[in-house]
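First comes the structure, then the notes that go with it.
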Amino acid sequence: MKYFIDTANVGEVEEVASWGVLDGVTTNPSLVAKEGGDFKETVLKMCELVNEVSAQVTATESDEMIKQAEEYSGWHKNVVVKVPMTIEGLKTIKYCKEKGIRTNCTLVFSANQAVLAAKAGASMISPFIGRLDDVGQDGMGLIAEIMTIWDNYDFDTEVLVASTRHPRHIVEAAELGAHICTIPFKVFEKLPKHQLTDIGLRKFLDDWDKVK
Ligand code: E4P
């Protein structure tokens, strides 16, 4: 399973990339607005650190979305254009597929949306599991549904589990065979930690001190 970081903060990307575990980045307009700075510059810095950086279009009509997709994909070979799951978004994904521009279909909340995006030619689809949980629906249940459909039909599109909120989400996504998880920095920081690791290391170091 590929690990992406869900952020527009270049420092966070640098940090997790230095652990040797990072495959990509997902940004979105809210994350970019939170960090400030120049969007293109941010994306380009990230493209030097990882191979897949999702940059989201902000237009809502396909002709404008396509213009943004062409612009973003021209910035760097590692840019993946993020397109929202709308009918206009599907038209944009179809165009990008024909032109060889990689896309990540975002804001996926149902299996029907997932299949439509895959059929239109999305390279990745992003079901938002945390936001489904927030409204009392079963986010991980959607991933299970999508992975079953993917097993039945062999879609090339990668399933990117988005809106993850805690370490169990990452494990459960892996158990279901999802291709990618995008993980906020705060959740990433929790993944290497275990209290027994800390206790064990302290004991090893204390015992070693006695030898000296
Ligand atoms: C994915 O690409 C999105 O940026 C992200 O995972 C949304 O997560 P949130 O629901 O925590 O905002």
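Every number for a ligand or one of its atoms is a count from 1 in the order of the listing. Below, all heavy atoms of this structure are taken into account, side chains as well, without hydrogens, waters or symmetry copies.
- By the salt bridge (charged side-chain N to carboxylate O under 4.0 Å, His left out) test, Asp151 pairs with no residue at all, sequence neighbours left out.
- Evaluation of the salt bridge (charged side-chain N to carboxylate O under 4.0 Å, His left out) rule for Lys2 yields Glu52, Glu158 as partners, not counting sequence neighbours.
- Defined by atom type and a distance below 3.5 Å, a donor-acceptor pair is present between the side-chain atoms of Thr182 and Thr26.
- Residue Asp156 qualifies as open at atom CG: its count of foreign heavy atoms under 6.0 Å is 12 or below.
- In terms of the salt bridge (charged side-chain N to carboxylate O under 4.0 Å, His left out) criterion, residue partners of Lys94 (sequence neighbours excluded) are, by chain and number, Glu98.
- Residue-level contacts of ligand 1 at the 4.0 Å heavy-atom threshold are Asp6, Thr26, Asn28, Lys82, Phe128, Arg131, Ala162, Ser163, Arg165, Thr182.
- Although no hydrogens or angles enter the test, the distance criterion places a donor-acceptor pair under 3.5 Å between the side chain of Gln113 and the main chain of Ser110.
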